Amino acid sequence: MRDTSPDPALSATLLEWYDRHARDLPWRVAPAARRAGVMPDPYRVWLSEVMLQQTTVAAVRDYFHRFTRRWPRVEALAAAEDADVMGEWAGLGYYARARNLLKCARAVTADHGGVFPDDHDRLLALPGIGPYTAAAISAIAFDRPEVVMDGNVERVMARLFDIHTPLPDAKPALKARAAQLTPRTRPGDYAQAVMDLGATICSPKSPACGICPWRDPCQARSAGTAPELPKKQPKKTKPTRRGIAYIAERADGALLLERRPDSGLLGGMLGWPGTPWAETPTEDAPPFAADWQELEAEVRHTFTHFHLILRVRAARLPDGPVPPRLHLIERTAFRPSDLPTVMRKAYDLWRGGAA
DNA sequence: AAGACGTGGCT
DNA sequence: TAGCCAAGTCT
């Protein structure tokens, strides 16, 4: 292990690379414009950072465009209906983000006059903004020299300094290294540069060390250990749960759905009524008595912590009162894209067999 | 403080 | 195919 005293040229090297290779992203102000004094809209920085939590740029792009077209400013988002925001978020995952997005927009509008606070601590106090996002907004939107720690930065630091301690134990050491490198000039561009580097060149598998701006100082590259870093604790295997979803269609095409409770899996989202999802098969629990027909195929879906095998049963909904806690949605008002993916899979399966 | 919390792309 | 992985936060 060679000496690891901080090298003040490291951040400068990365910023030079970023000036030439920064990705063109819809929420980003290009480095040339930033150097000319143009700063990004904090609303767009916040929205993009929340969407990017545990989510790839490729998945976020279209959602970002739809959100900003529909709600161009934080006050507009704050005034939106919950169901519209949840529907627009559908498919992006981690739905607590959407619930907190609305809470945050309403807090910024009501408590901060529609202006995002420009300091880390007040950002951190807002719903859905944790240590990473508070630092990222501070740095990117307000050019504050925050230490921005995300998965990219952890990986880049683990490799640059050849740190073999497994995550999450390595986090303090990785953060100390990141703090050493964070520059006082252009901290916003620097933060975006490290994340770009991690997302493109210093990727988890087969990093492109040959074209990396930090290939010379990178200790893992010298040691040949870059592809195996950072080390991680082994993951637990996912159990398989099973359940039944019930799709009821009235003669005029209207569909019977439920709004899921705000907490827990798919919280706040629209879905088909059904049994709980459990490893041991649960009792049949149709929303009303009918001649339910089970589809031959089944939905397979994997969540963060379990696999799901979902059987789908369909029936005709008779005219009359709607069962409690369920919503009848006219077919013209029903958008499959409002459903979380697992529910949309069930819909696709049913419609493919029924229509 | 460890587990809950989604999804799609890549290997 | 099955597992790994992504610009984390909340409880």
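For the numbers below, each heavy atom of this structure counts, side chains included, while hydrogens, waters and symmetry mates do not. Bear in mind the structure is a predicted one, so any value in this text is a computation, not a measurement. Proteins get letters first, then strands, A, B, ... in listed order; numbering begins at 1 in each.
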Integer-rounded Å distance: C:dT9 P and A:Asn100 CG: 11 Å
A:Arg106 atom CZ, neighbour heavy-atom count above 12 within 6.0 Å: yes
Touch class at under 4.0 angstrom, heavy-atom based, for A:Lys236 against every strand present: sugar-phosphate
Plane angle bin for A:Phe116 and A:Tyr43 - parallel if under 30°, tilted between 30 and 60°, otherwise perpendicular: tilted
Most 5' of A:Leu52 and A:Lys103 on DNA chain C, judged by nearest nucleotide: A:Leu52
Protein-nucleotide distance (A:His305, atom NE2; C:dC10, atom P), rounded to Å: 18 Å
Flag if over 12 foreign heavy atoms under 6.0 Å of CZ, A:Arg250: yes
Touch class at under 4.0 angstrom, heavy-atom based, for A:Lys232 against every strand present: sugar-phosphate
Euclidean distance, atom CD of residue A:Glu154 to atom P of C:dC5 [Å, nearest integer]: 13 Å
Length of the CD1-P vector between A:Ile309 and C:dA2, whole Å: 11 Å
Under 3.5 Å side-chain donor-acceptor pair for A:Thr240 and A:Glu279: no
Criterion side chain to side chain donor-acceptor pair (under 3.5 Å) on A:Gln53 and A:Tyr132, from CA distance to verdict: CA-CA 9 Å; A:Gln53 289 168 6; A:Tyr132 161 75; over 6 Å; no
Whether over 12 other heavy atoms sit under 6.0 Å from A:Glu294 CD: yes
Interface residues of residues 259-277 of chain A with DNA chain C (non-hydrogen, below 4.0 angstrom): none
Touch class at under 4.0 angstrom, heavy-atom based, for A:Gly198 against every strand present: nothing
Interatomic distance, A:Leu101 CG vs C:dG8 C1' [rounded to whole Å]: 14 Å
Any A:Lys235 side-chain N or O less than 4.0 Å from OP1/OP2 of C:dC5: yes
Check: A:His305/A:Lys238 side-chain N/O donor and acceptor closer than 3.5 Å: no
Nearest listed nucleotide, side chain of A:His307, among C:dT9, C:dA6, C:dG3: C:dG3
A:Phe64-A:Trp27 aromatic ring centre distance below 6.0 Å: yes
Sugar-phosphate, base or nothing in reach of A:Ser48, heavy atoms under 4.0 Å: nothing
Nucleotide interval of DNA chain B bounded by contacts with chain A (heavy-atom cut-off, under 4.0 Å): B:dG3 to B:dG8
Near-ring test A:Phe303/A:Phe306, centroid separation under 6.0 angstrom: yes
Phosphate OP1/OP2 of C:dC5 contacted by A:Arg155 side-chain N/O (<4.0 Å): no
5' precedence on DNA chain B between A:Pro168 and A:Gly93 (nearest-nucleotide basis): A:Pro168
Of A:Thr55 and A:Lys205, the one whose closest DNA chain B nucleotide lies more 5': A:Thr55
Determine all donor-acceptor pairs shorter than 3.5 Å in which one atom belongs to a side chain in residues 224-235 of chain A; sequence neighbours excluded.
residue, atom, partner, partner atom, Å
A:Thr225, OG1, A:Asp162, OD1, 2.5
A:Glu228, OE2, A:Lys231, NZ, 3.2

Sugar-phosphate, base or nothing in reach of A:Arg28, heavy atoms under 4.0 Å: base
Upstream residue (5' side of DNA chain C) when A:Leu124 and A:Leu25 are each assigned their closest nucleotide: A:Leu25
Between P of C:dT9 and CG of A:Leu126, the distance in whole Å: 12 Å
For atom OH of A:Tyr94 and atom C1' of C:dA6, their distance in whole Å: 9 Å
Under-4.0 Å side-chain N/O to phosphate OP1/OP2 contact, A:Gln54 with C:dG8: yes
Distance-only donor-acceptor check, side chains A:Thr55 and A:Arg97, under 3.5 Å: yes
Distance in angstrom units between A:Tyr132 OH and C:dA6 C1', rounded: 11 Å
